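Single-structure report; data block below.
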Amino acid sequence: GSESKARKAKTLLGRWICKTPSSGDKDTETVDGLFIERGTVLTMNVALGGGADAPVTSCRYRVMGVYVKFYNKWLLTSEKQPWARNLEDDKKKKCRFVARMINKDSSG
């Protein structure tokens, strides 16, 4: 048996899913400390129309939800996800987000 309950699991699947206690070394490759979470406002360049000569404008988006890949399924998460322009491709494939365009009003 085990001396502590740190690694105990109630189910067979729980043995594979439960997280092991880490030594405190988090993956912090984001130099800017940018994180994507629900409610974040993003500014992205968007090409309106098709073709090579389509005008490019900057539009603002609000993040509606962040999804992470877990056992080959995309699940909604409430955790912050690190983001940087120079993320590796395998880290980019583990996170997706849904965003909605914000319309500008005359009030602001």
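Quantities reported herein were computed from a predicted structural model and do not represent experimental measurements.
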Next item on the list: Quick one: pull up OG1 in T77 and CZ in F70 and give me the separation to the nearest 0.5 Å.
Entry: 11.0 Å
May I have the list of side-chain donor-acceptor pairs in residues 51-58 shorter than 3.5 Å, sequence neighbours left out?
none

Next item on the list: Check whether any side-chain heavy atom of Y61 lies under 4.5 Å from a side-chain heavy atom of M44, and answer yes or no.
Entry: yes
Next item on the list: Report the distance from atom OH of Y71 to atom NZ of K73, rounding to the nearest 0.5 Å.
Entry: 12.5 Å
Checklist line | Within one Ile-Leu-Val-Met-Phe-Trp-Tyr cluster: V41 and V63, side-chain cutoff 4.5 Å | finding: no
Item checked: Nearest-0.5 Å distance, SG of residue C95 to NZ of residue K69 -> 12.5 Å
Check: Which heavy-atom pair separates Q81 from V68 by the least distance, and what is that distance?
Finding: NE2-CG1, 3.5 Å
Next item on the list: Quick one: list whatever passes side-chain contact (heavy atoms from CB on, under 4.5 Å) with R38, sequence neighbours left out.
Entry: none
Next item on the list: Look only at the side chain of R100 and the backbone of R62, and say whether a donor-acceptor pair between them is shorter than 3.5 Å.
Entry: no
Check: Near K80 NZ, under 6.0 Å, is it more than 12 heavy atoms from other residues, nucleotides or ligands?
Finding: no
Item checked: Other ILVMFWY residues reachable from V98 by side-chain steps of under 4.5 Å -> M64, Y67, W74, L76
Margin query: Within the structure provided, determine whether L42 and I36 are in side-chain contact (heavy-atom separation under 4.5 Å).
Written below: yes
